[in-house]
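Throughout, numbering of the chain's residues begins at 1 and tracks the sequence.
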Amino acid sequence: MAVQVRITADGLVVRFTGTDRVWACRRGVYLPLSRVLLARPMARRDAVTASPRVHLPGVSVPRVLRAGSYGVGERRQLWMVRRAERLLAIYLRGDPYHRVVVEVADPEETSRTINDALPPRRLPA
């Protein structure tokens, strides 16, 4: 796996290593926990279906590689996925990304760890 996900005291670091840096067109991204809404495992088919088709910059080879930035504005997403069928999707609020989709060794456990680290949400009065 060339994608590393690490939780810090106030954020989430998603780091691309090796050739994944080239394909994703960046080294990674830092996501403050205040911007993270939810992390969840997803099937590749569902994640691709919910993704914009336009990649700016990025690359897409069906069932082989999907990397880089997809979409513009509110729907912009960051991807770094090779051949995996189960992926980790991290939903965000604010710019520059609406969702980050990556391939990790255990998406279920990683999503659980991220969700447990999120600050409690208060319901409006």
**Q.** Exam field: side chain Arg35 to backbone Tyr91, donor-acceptor pair closer than 3.5 Å
**A.** no
Q.
Can you tell me how far apart CG (Asp20) and CZ (Arg26) are? Round to the nearest 0.5 Å.
A. 14.0 Å
Q. Charged N to carboxylate O under 4.0 angstrom, Arg86 versus Asp106?
A. no
Q: Answer with yes or no whether the side chains of Arg93 and Ser34 bring together a donor and an acceptor at under 3.5 Å.
A: no
Q | Residue pair Arg75 / His98, side-chain heavy-atom distance below 4.5 Å | A | no
Q.
In the structure I gave you, are the side-chain heavy atoms of Tyr70 and Arg76 within less than 4.5 Å of one another anywhere?
A. no
Q) Are any non-hydrogen side-chain atoms of Val72 and Leu56 less than 4.5 angstrom apart? A) yes
Q | Between CZ on residue Arg44 and CZ on residue Arg82, distance to nearest 0.5 Å | A | 11.0 Å
Q. What distance do Trp79 atom CH2 and Ser69 atom OG have between them, rounded to the nearest 0.5 Å?
A. 12.5 Å
Q. Should Val101 and Leu88 count as side-chain neighbours, where that means a heavy-atom distance under 4.5 Å?
A. no
Q) Do the side chains of Leu12 and Val5 get nearer than 4.5 Å, heavy atoms only? A) yes
Q: For the pair Asp46 (side chain) and Met42 (backbone), establish whether a donor and an acceptor sit closer than 3.5 Å, ignoring hydrogens and angles.
A: no
Q: Evaluate side chain to side chain contact (heavy atoms under 4.5 Å, CB included) for Phe16 paired with Val102, printing each intermediate quantity in order.
A: CA-CA 10 Å; Phe16 306 135; Val102 293; 4.0 Å; yes
(Q) For Leu65 and Trp23: C-alpha separation, side-chain torsions, deciding distance, then whether side chain to side chain contact (heavy atoms under 4.5 Å, CB included) applies. (A) CA-CA 9 Å; Leu65 177 68; Trp23 293 120; 3.5 Å; yes
Q) Is any side-chain heavy atom of Leu31 less than 4.5 Å from a side-chain heavy atom of Val14? A) yes
Q. Is any side-chain heavy atom of Arg99 less than 4.5 Å from a side-chain heavy atom of Leu92?
A. no
Q. Does the side chain of Pro119 reach to within under 4.5 Å of the side chain of Leu33, using non-hydrogen atoms?
A. yes
